[in-house]
Amino acid sequence: MNIAIVYDTRTGTTARAAEAMGKTMEELGHQCQVLYIGQAIPAEVSEADLLCVGSWVQGLFIIMQHPTERTMEFIERLGNLTGKKALVFCTYKLAAGSTLSKMAQALEGKGAQVVGQFKYRGPEPNDDFMSFANALT
Ligand SMILES: Cc1cc2nc3c(=O)[nH]c(=O)nc-3n(C[C@H](O)[C@H](O)[C@H](O)COP(=O)(O)O)c2cc1C
């Protein structure tokens with residue numbers, strides 16, 4: 001499968017999570033591109049069979065959590081994703097709130113089928129992601 005992982009990061013945690021996800025995908029035999037959101041070209045990453053979008057959680061730690069503006073703007077710039085699979089992920093410290101569902105809804109609004117939502121309390125992908133990756137064909 002051809003996979004694109006696009007992430008926003010401020011201090012590197014989400015970048016490390018994205019790289020680790022990419023490494024796992026490659027070890028499982030997939031082709032994977034990991035790109036900082038500022039360098040990803042919407043039209044190009046939309047071509048992937050699975051588009052993964054990641055953000056760090058921004059908010060007031062226990063309330064008002066959301067993805068970064070840059071993440072939502074990027075999703076807005078994606079073309080029609082009808083028939084495409086997407087996955088969302090975020091890194092956070094205390095509580096992710098509705099960060100993932102906001103990203104998922106925006107991608108669904110573009111026509112994508114969101115097949116996974118993962119939140120990591122740090123830079124390591126969790127067991128849920130590992131199970132998802134292992135089941136991917
Ligand atoms: C301004 C700011 C707001 C944050 N708000 C939240 C929050 O509402 N909930 C939370 O769990 N973590 C919050 N965090 C923590 C980050 O989401 C977390 O440390 C994340 O892993 C950072 O990712 P990065 O290293 O890729 O930038 C906040 C961090 C900053 C700098």
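Worth saying up front: this structure is predicted, and the values here are computed from it rather than measured. Both ligands and their constituent atoms are indexed starting at 1 by order of listing.
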With a 4.5 Å heavy-atom cut-off, do L94 and R121 have their side chains touching?
yes
Do any N/O atoms on G59 end up under 3.5 angstrom from N/O atoms on ligand 1?
yes
Where ligand 1 meets T14 - atom numbers and elements under 4.0 angstrom, heavy-atom basis:
23 (O), 24 (P), 26 (O)
Would R77 and E73 satisfy salt bridge (Lys or Arg N to Asp or Glu O under 4.0 Å), going step by step from the backbone distance to the final call?
CA-CA 6 Å; R77 284 167 52 215; E73 276 173 12; over 6 Å; no
Considering only protein heavy atoms, which is closest to atom 17 (O) of ligand 1, and at what distance to one decimal place?
V57 O, 2.6 Å
CE/M72 to NE2/H66 distance, rounded to the nearest 0.5 angstrom?
10.5 Å
For T91, is at least one N or O under 3.5 Å away from an N or O on ligand 1?
yes
Min N/O separation F61 to ligand 1 under 3.5 Å:
yes
Check: K85 side chain, D49 main-chain N or O, donor-acceptor pair, under 3.5 Å:
no
For ligand 1, which atoms have a heavy atom of Q58 less than 4.0 angstrom away?
4 (C), 5 (N), 8 (O)
Can you check whether F129 and F89 have ring centres sitting under 6.0 Å from each other?
no
Show the atoms of ligand 1 that are less than 4.0 angstrom away from any heavy atom in T13.
21 (O), 23 (O), 24 (P), 25 (O), 26 (O)
Residues that, via side-chain heavy atoms closer than 4.5 angstrom, fall in one hydrophobic cluster with V57
Y92
If you have a sec, work out which protein heavy atom is nearest atom 22 (C) of ligand 1 and how many Å separate them, to one decimal?
W56 CB, 3.6 Å
Using a 4.0 Å cutoff against the non-hydrogen atoms of R10, which atoms of ligand 1 qualify?
24 (P), 26 (O), 27 (O), 31 (C)
Q65 to ligand 1: N or O pair under 3.5 Å?
no
Exercise: do S98 and S101 side chains pair donor with acceptor under 3.5 Å:
no
K93 versus ligand 1: do any nitrogen or oxygen atoms come within less than 3.5 Å of each other?
yes
Report, in ascending order of atom number, the atoms of ligand 1 lying under 4.0 Å from any heavy atom of A95.
9 (N), 10 (C), 11 (O)
Without swapping roles, check the side chain of T13 against the backbone of T9 for a donor-acceptor pair under 3.5 Å.
no
Sub-3.5 Å N/O-N/O distance, L94 and ligand 1
yes
Salt bridge (Lys or Arg N to Asp or Glu O under 4.0 Å) between E76 and K110, intermediate numbers included:
CA-CA 8 Å; E76 197 44 54; K110 293 277 167 186; 3.7 Å; yes
Geometry only, no angles: is I62 polar-contacting ligand 1 at N/O separations under 3.5 Å?
no
Any atoms of ligand 1 less than 4.0 Å from a non-hydrogen atom of L60? List them with their elements.
8 (O)
Check each atom of ligand 1 against the heavy atoms of T11 and keep those under 4.0 Å away; list them by number with element.
24 (P), 25 (O), 27 (O)
CZ of F132 to CG of L50, rounded to nearest 0.5 Å, is 5.5 Å
